[in-house]
There are 2 protein chains.
Amino acid sequence: MSDETAAFCCPDHSGAAPAEAILAAAEDKARARGLRLTPVRRRTLEILLQAHGALGAYDVLERLAAEGFGTQPPVAYRALNFLVENGLAHRIRRLNAFTACTHPGHDHRAAFLICETCERVTEAAAPDLSKALGAAAAQAGFTVERVTVEAVGRCRACTQARA
Amino acid sequence: MSDETAAFCCPDHSGAAPAEAILAAAEDKARARGLRLTPVRRRTLEILLQAHGALGAYDVLERLAAEGFGTQPPVAYRALNFLVENGLAHRIRRLNAFTACTHPGHDHRAAFLICETCERVTEAAAPDLSKALGAAAAQAGFTVERVTVEAVGRCRACTQARA
DNA sequence: GCCTTGACTGTTATTATATAACATATCATA
DNA sequence: TATGATATGTTATATAATAACAGTCAAGGC
């Protein structure tokens, strides 16, 4: 898990490199799987990558519309759903919002750490977690397909700022 | 955790006793903490307890309205939020719905198992789970306040029915 | 070449979920 | 019983999401 840890930090978005790397990885993934990463979809992913926090569908729509894409909700929802279904983005239910996947390389069960103060969302790899849930569910005879884990709290930067 | 296991099953709602027991426990809890379990609030909890799956706020509202309580959304939302804040109910974000807490006795971090087929929601005690998340979060310097864990899959009954 | 097919994009219209703001009523207690 | 805090109810509105349908466009069969 040591290389997971790198993608784990509360991102400060100080460098452009990571976003570009992620975008490139997304394109590889799309090519490999025969997905069509069309202009709207690609741009939607870029918008999410550039955003500091998670973005609501209507925020994304506003940006897309300003750039000449469609102006109506389904435009944003379709692109976002495509990204989510193909593991390029995640939906944060607690915020009714979406965020780019920060490690699109491997399929994964991620947990999300939502900072109450700065509203940024960090994607944490937590393999033990799905193991623990799997065990609990198995006891109940429940077969798990997908899991959502969302933690609300305070990120390192905000904790320090307050101290 | 052996006594947790009992409250863990996919509830078949075959007996009235559990619901009554939970309601009684809720009243104890309210009394002990000086909460006001008013008629709307109490009735809202009953409605959730009688429901088979989780209920949307507007479903609850419909029932409340039919019984002479207020007819507008805030009536339901306020009662539901009261119950959630005081650990007597849970909000299931994936479903935009609410469910009665099935073990209101102890404060707990619960995980929810949502059956895709029958849409019922089971509350699973999963202490290891919050431990695992806590560890992952700590690594990122993140302080966790509250966690939501929701698993989508298939419950025992529905798995068997399909077999 | 051209036509069919299916996936994608866009639209209008509508539905679903949730909250703000304010008036009235009720309770706890001084 | 007057008073402040809490609760209930209302109207109005904000926010989030989807249904249904029309036009576009590229890929493959003929």
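Each chain gets a letter, A, B and so on, in the order its sequence line appears, and its residues count up from 1. In this text the structure is predicted, and so the values were computed from the model without any measurement. Basis for what follows: all heavy atoms, side chains included, without hydrogens, waters or symmetry-related copies.
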Nearest whole Å is fine: how far is C/dG10 C1' from A/Arg41 CZ? 14 Å
Could you state the atom-to-atom distance from CG of A/Leu61 to P of C/dT9 in whole Å? 14 Å
Let me know the distance between CG of A/Asp59 and P of D/dA16, rounded to the nearest Å. 8 Å
Would you kindly give the CG-to-C1' distance between A/Leu80 and C/dC8, to the nearest whole Å? 16 Å
Each nucleotide in nucleotides 25-30 of chain C should get exactly one letter: B, S or -. Can you fill that in based on protein heavy atoms under 4.0 Å? --S---
Check: B/Asp59 side chain, B/Leu55 main-chain N or O, donor-acceptor pair, under 3.5 Å: no
Between C/dG10 and A/Thr71, is there an OP1 or OP2 to side-chain N/O distance shorter than 4.0 Å? no
To the nearest angstrom, the CZ-P distance between A/Phe69 and C/dC8 comes to 15 Å
For A/Tyr58 and A/Pro73, work out which heavy atoms get closest and say how close. OH-CG, 3.5 Å
Rounded to the nearest angstrom, tell me the gap between atom CG in A/Leu64 and atom P in C/dG10. 9 Å
Relative to A/Phe98, does A/Arg91 satisfy both conditions: NZ or CZ under 6.0 angstrom from the six-membered ring centre, and within 45 degrees of the ring's axis? no
Could you state the CD-P distance from A/Glu67 to C/dG10, rounded to the nearest angstrom? 12 Å
Near-ring test A/His90/A/Phe112, centroid separation under 6.0 angstrom: yes
Annotated protein contacts, base or backbone, on nucleotides 16-24 of chain C with a non-hydrogen cut-off under 4.0 Å, one of B, S, - each: -BBBB----
Is the closest basic N to carboxylate O distance between A/Glu150 and A/Arg93 below 4.0 Å? no
Here the distance between atom P of C/dA7 and atom CG of A/Asn86, to the nearest Å, is 14 Å
From the list B/Leu49, B/Leu45, B/Leu88, side-chain contact (heavy atoms from CB on, under 4.5 Å) with B/Ile22 holds only for B/Leu49
Are A/Thr148 and B/Arg94 linked by a side-chain donor-acceptor pair shorter than 3.5 Å? yes
Is any NZ, NE, NH1 or NH2 atom of the basic residue among B/Arg43 and B/Glu67 found under 4.0 Å from an Asp or Glu carboxylate oxygen of the other? yes
Salt-bridge present (B/Arg146, A/Glu116; N to O < 4.0 Å): yes
